[in-house]
Amino acid sequence: PPQQADLSPPTMTRLLVLVACALVSATAAAVSNKTHPSTLTGGKPNIVLFLTDDQDQMLGGSFPKKGGVTPMPKTESLMVDQGATATNWYIHTPICCPSRAELLTSRYFHNIKKVDECEAGYGKMPCCMHVQEHLVNNYTFAKPLKDAGYTVGMFGKYLNNCPEAPPPGYDVWLANGGGTYYSPEFSVSGLEWYGLKTGSWKGSKENYTTSVVGNASVAWINRVAGKGKPFFAYVAPKACHEPFLPAPWYAAYWDPSWPAHEPRPVSWNCSFESRKNHHHTIATEPLLSEKAAEFITTSFQNRWRTLMSVDDVIESVIGAVDKAGQLENTYFLYTSDHGFQLGEFNLPIDKRNAYEFDLRIHLLARGPGIKKGSDFPYLGTNVDVAPTILGLAGLTFGDVDGKSIVPLLMDTSATHELAPATKQYLATVSRNEVAANWRDSIFFEYYYVDYNSKCIPECHNIEDPSNNFISIRHLEGEFGNSLYTEYETSPTSNVTFTSPDFHEVYSMDNDEWQMNNVYHATDKSKLSALHKKLHMWYNCKGSTCP
């Protein structure tokens, strides 16, 4: 692919790409071998979180990669090869705003919503797809980081209903609710030095959103890295959300090794007969037309093209940290807000479903003490990200719903690489105890947002009021490799799942694409046990959550 030129901040048209052959660490040149780079950051590590939008895992869009190819080779080299790849990572809610709110707060959906409030899916502030924003913005991981001495920057998509002023904890704020790929608009604070006044900024048609986010985050890291305080950078580009508009310099690119079209598993454009035992939305989908198939393939290709720009951002951010001599004192986490569908069960695009292709996502982690090229096999979700970030910083997050994976992520033979704050945190926990008591299941939760149809030209209904669900996922043990779901129809979020009207059970060992609902063939005692365990999850809060 063509490499992009370095452009000045006011232009912000293409992504700044640092020229470095193999990103060989500059740390050795900046400090002596006997001095840990955390001496320049108060004994604490820097942390960078990359979050993409709608980036699938099962369809080949992320990691572990499928078919030996990826639209993100730089990320593969810099994150996969240099760190850990989670092999069983999921989201809690397969739609944008709740998922992002859960990541920020380490709360499950039922703990950031209230019955009789925010009933409409697309309500105005303080509601965001049923999320109570006042239960989010004042309780994110940013505030304890700031209180502990971090300088905190937000660059990109925050929540779909994005506050104009930064919530507590953020020093720099270039944020929106996703916006547009071209001529993007952001709320701005703390970027006067970059030429952006506090308030709002709207780009021109030459400004590509991923480049704007990437250039601003790199410029900020250049300004703060290794200058006495640790930094946290939250980098969240719009890609690869619809309408899947790539940067002009990648719009016509397609590597010869890449597949000609999206994956087409057994669930792709499947028959009415094969879907008759699925929940209402799926059972009633029409077949995909030839025009719909062409639309799906174009969407697949352009999604990969938008991710090429994210690949540039990740390379540039890591390069900026390296240039500052802080690479050996910085953790990089990279994940998505949920998966995606591209023709599975005849759904052309989108998410919102209780199926593996919408629920399974990637998590990559790189940094001191994390073994290069390793796999992370433990079950986890986006709700575990915030306590993990704070654990890396040597902090805890109070009585939240998620768990820190830091004790499980670290190579016990490499503790000498850690910043003092991370060492102190690990001294308070036992890796063996954490591993022995780690959860054996994870929990999904979703509330119907709004009627959503894709007409190309035949109309495919993505969801309707039957699409409220709670689910529990096991990999092994008493319930085997399975997914159990309860649905309850309601046009609002006032759902308690006390009267489910449809159920699904899938045995994932031999039904990866969830074609065969075995609910009616499952032993009633097992169904009762699944129901009880699922509702334990649904009613949990804080330390009562597994």
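The shown structure was predicted, so the numbers you read here are calculated from the model rather than taken from an experiment.
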Just by distance, no angles: are the side chains of [X] and [Y] close enough, under 3.5 Å, to form a donor-acceptor pair?
X	Y	result
Asp501	Thr489	yes
Ser267	Tyr355	no
Asn461	Thr284	no
Glu486	Tyr538	no

Can you give me the closest heavy-atom contact between [X] and [Y], atom names plus distance?
X	Y	value
Lys44	Asn329	O-ND2, 3.3 Å
Thr210	Ala239	OG1-CB, 4.4 Å
Ser490	Asn468	O-ND2, 3.1 Å
Tyr90	Leu379	CE1-CD2, 4.0 Å
His110	Trp537	CE1-O, 3.4 Å
Met410	Thr422	CE-CG2, 4.5 Å

Aromatic ring pairing Tyr446/Phe469, orientation class (parallel under 30°, perpendicular over 60°, tilted between): parallel
Aromatic ring pairing Tyr487/His279, orientation class (parallel under 30°, perpendicular over 60°, tilted between): parallel
Would you find a donor on one side and an acceptor on the other, under 3.5 Å apart, between the side chain of [X] and the backbone of [Y]?
X	Y	result
Lys403	Cys545	yes
Ser99	Asp337	yes
Glu463	Asp450	yes
Asp384	Gly402	no
Arg473	Leu483	no
Asn516	Ser507	no
Glu417	Gly369	yes
Asn517	Asn277	yes

Lys/Arg cation over aromatic Phe340: Arg303, 6.0 Å, 45° cone: yes
Are [X] and [Y] close enough for a salt bridge, meaning some N to O gap below 4.0 Å?
X	Y	answer
Glu242	Lys454	yes
Asp56	Lys66	no
Lys229	Asp171	no
Arg107	Asp401	yes

Check against salt bridge (charged side-chain N to carboxylate O under 4.0 Å, His left out), Asp53 and Arg100: CA-CA 10 Å; Asp53 200 331; Arg100 290 166 182 267; 3.5 Å; yes
Between [X] and [Y], is the ring centre distance below 6.0 Å?
X	Y	answer
Phe479	Tyr484	no
Tyr506	His278	yes
Phe497	His535	no
Tyr234	Tyr170	no

[Y] side chain reached by [X] side chain, heavy atoms, under 4.5 Å:
X	Y	value
Phe232	Ile389	yes
Tyr519	Phe502	no
Pro163	Asn137	yes
Met79	His362	no
Glu285	His460	yes
Tyr331	Ile370	yes
Lys65	Val80	no
Val321	Phe231	yes

With sequence neighbours excluded, residues passing disulfide (SG to SG under 2.5 Å) with Cys96: none
Under-2.5 Å SG separation for cysteines Cys128, Cys118: no
